[in-house]
Amino acid sequence: MKNQFRGCVKINVRGKNLYHFINTLHSHKIAIFRQYIKGGTLSAEIYRSELSLIKQFAEEYGLEVTFFEYDTISKEVINRRKRFGLIFGIILILGASLYFSSVIVTIDIQGNDTVSDTVILSALSEIGIEEGAQFGQINYVWSENQLRLMVDKLAWVGMHRTGHRLVVEVTELAEKPDMLNERIPCNVLSAHDAEIVDISVLDGQLMHMIGDYVFEGDMLINGVTADQTGRIVLHHAMGEIIGIYKDSAEFQGEFKQKRLTPTGKTEKRRTLKLFSLEIPLYFGKSHYEYSENEYTEKPLSLFGKKLPISIKTAKYSELNRTEETTDEETLKAELMEKIFLYEKNFLSDCEILERNITENKNADTLTLSVTYKLKGNICVQKEILVK
């Protein structure tokens with residue numbers, strides 16, 4: 001390892017006065033090692049700093065000297081000493097290493113489940129703890145207490161430093177399970193005009209039988225009953241009453257629609273992000289009136305470790321606002337897709353017995369009116385107000 005810094009040179013010396021030359025080197029205490037003489041040639045290794053003196057002695061004794069320097073760290077430094085960019089880069093790396101060793105590069109949050117990282121990071125930022133803050137300025141005990149007070153759902157907070165990371169460990173409060181309001185007195189009313197086809201009552205007094213036709217708002221299960229002594233009893237009326245009822249929906253679309261279509265023109269704008277500071281690497285603004293944006297972020301790394309420095313790239317794709325005319329078949333297919341989504345989202349809990357679709361078309365629009373015959377639960381609870 002010492003030779004890597006001092007530099008090591010292999011020399012070959014040829015001539016008649018080799019032994020006088022060797023004695024002179026020893027008398028001047030010049031380090032010479034791995035030496036041997038073969039065929040009238042002295043082969044040895046010396047330090048680079050001794051090369052000029054050895055050349056001088058060889059010239060005095062009329063000897064011929066050839067040499068070869070091994071690849072060492074010091075040789076690379078000397079060969080590249082005029083490459084100022086490399087020197088600047090080394091200085092920059094050393095400075096960055098010293099700087100990043102004393103500041104928060106990343107904040108690692110552990111133990112949270114219902115509380116998002118964004119909420120915790122925002123609270124930490126308010127008390128001065130964020131990427132780029134000095135580790136030496138953090139009062140850990142005070143910061144832990146403040147974070148726990150600022151975020152209601154946290155029961156315990158602990159912080160510690162691991163290298164350039166600040167690890168924030170949290171424990172969340174155990175939430176109480178939601179209590180079902182099954183004791184509040186209520187009636188069960190009809191949500192639709194319907195014919196009753198099936199009945200299942202869990203609590204309360206049934207007011208209608210199978211085959212009855214009820215109107216919207218009619219009472220199906222009474223939550224107020226009286227016993228044999230005349231005492232009034234309030235119930236949380238519960239049950240499932242299946243009825244057959246009708247429903248309708250309307251879907252409308254225009255033949256002439258304004259759409260945004262890509263023109264093929266794109267432009268990229270890059271931003272240098274240093275911790276939370278963003279430095280634009282471009283001038284001016286995008287001149288696209290309408291555009292579709294795509295954002296990517298590529299962090300820089302050093303020795304396999306991600307740095308809090310990244311390049312954010314925003315890609316803008318120009319869109320042109322055009323007016324397109326849709327034919328009847330295409331527009332009808334789009335409306336049928338809307339009908340499918342409506343049934344999937346709003347009618348999934350009942351059975352569709354019949355579906356009738358009627359079309360109404362004029363010069364500008366196409367309307368699909370849908371009437372349904374449905375079979376499903378028609379119950380809706382209504383609380384009984386008790387003084």
Side-chain angles (χ1 to χ4, degrees), residues 1 73 86-184 268-282 293-316:
M1 179 59 68
I73 294 175
L86 179 62
I87 297 174
F88 176 77
I90 294 173
I91 295 173
L92 182 63
I93 290 173
L94 293 175
S97 300
L98 291 173
Y99 175 72
F100 292 141
S101 64
S102 63
V103 301
I104 301 174
V105 177
T106 56
I107 299 177
D108 185 12
I109 301 173
Q110 301 175 356
N112 58 317
D113 186 18
T114 59
V115 182
S116 66
D117 289 355
T118 304
V119 172
I120 297 176
L121 290 173
S122 177
L124 289 172
S125 179
E126 291 186 21
I127 59 177
I129 299 178
E130 55 187 352
E131 293 179 352
Q134 296 285 337
F135 278 109
Q137 297 178 355
I138 299 176
N139 185 330
Y140 289 95
V141 176
W142 179 84
S143 300
E144 291 166 356
N145 292 332
Q146 286 297 114
L147 180 59
R148 185 171 55 82
L149 293 173
M150 294 172 70
V151 183
D152 296 335
K153 293 185 178 181
L154 298 183
W156 176 85
V157 175
M159 299 182 188
H160 65 272
R161 175 184 177 179
T162 302
H164 60 268
R165 294 187 305 133
L166 177 68
V167 179
V168 181
E169 298 177 304
V170 300
T171 301
E172 298 177 344
L173 290 171
E175 296 186 0
K176 296 181 179 179
D178 295 333
M179 302 300 294
L180 298 177
N181 295 324
E182 294 184 350
R183 296 185 178 273
I184 298 176
K268 293 182 179 180
R269 295 179 177 272
R270 293 179 173 84
T271 304
L272 176 64
K273 183 178 179 182
L274 178 61
F275 294 108
S276 58
L277 177 65
E278 295 189 1
I279 305 172
L281 303 179
Y282 59 88
N293 307 334
E294 180 182 351
Y295 298 93
T296 57
E297 184 172 348
K298 183 178 181 181
L300 302 182
S301 59
L302 179 65
F303 305 124
K305 300 292 185 179
K306 289 185 179 180
L307 301 177
I309 305 173
S310 59
I311 300 295
K312 293 180 64 177
T313 303
K315 181 180 179 181
Y316 297 88

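Under the rule for a side chain to side chain donor-acceptor pair (under 3.5 Å), the partners of Ser310 that lie at least two apart in sequence or sit in another chain are Glu297. Considering only residues two or more places apart in sequence or on other chains, Arg148 meets the salt bridge (Lys or Arg N to Asp or Glu O under 4.0 Å) condition with none of them. Take Lys268 and apply the salt bridge (Lys or Arg N to Asp or Glu O under 4.0 Å) test, not counting sequence neighbours, and it matches no residue. Arg165 pairs by the salt bridge (Lys or Arg N to Asp or Glu O under 4.0 Å) definition with Asp108, not counting sequence neighbours. Shown here are the side chain to side chain contact (heavy atoms under 4.5 Å, CB included) partners of Thr171, two or more places apart in sequence or in another chain: Trp156.
Here the CD1 atom belonging to Ile311 is positioned 8.5 Å from the OG1 atom belonging to Thr271, to the nearest 0.5 angstrom. Atoms NE2 and CG, from His160 and Leu166 in turn, are 8.5 Å apart once rounded to the nearest 0.5 Å. Distance check: Gln134 CD to Ile104 CD1 gives 9.0 Å after rounding to the nearest 0.5 Å.
When every heavy atom of Val103 is checked against every heavy atom of Phe135, the shortest pair comes out as O-CE1, 2.9 Å. Met159 approaches Tyr140 most closely through the heavy-atom pair CB-CD2, 3.8 Å. Of all heavy-atom pairs between Thr313 and Arg270, the closest is OG1-CG, 3.7 Å. Residues Lys153 and Thr114 approach most closely at CD-OG1, 4.4 Å, considering heavy atoms.
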Side-chain atoms of residues 117-129: list all donor-acceptor pairs with protein atoms under 3.5 Å, sequence neighbours left out, distances to 0.1 Å.
unit_1	atom_1	unit_2	atom_2	d
Asp117	OD1	Asn112	ND2	2.7
Ser125	OG	Glu130	OE1	3.2

Give the intermediate values and the outcome of side chain to side chain contact (heavy atoms under 4.5 Å, CB included) for residues Val151 and Val157. CA-CA 10 Å; Val151 183; Val157 175; over 6 Å; no

Is there a side chain to side chain contact (heavy atoms under 4.5 Å, CB included) between Leu173 and Leu154 once you walk through the steps?
CA-CA 6 Å; Leu173 290 171; Leu154 298 183; over 6 Å; no

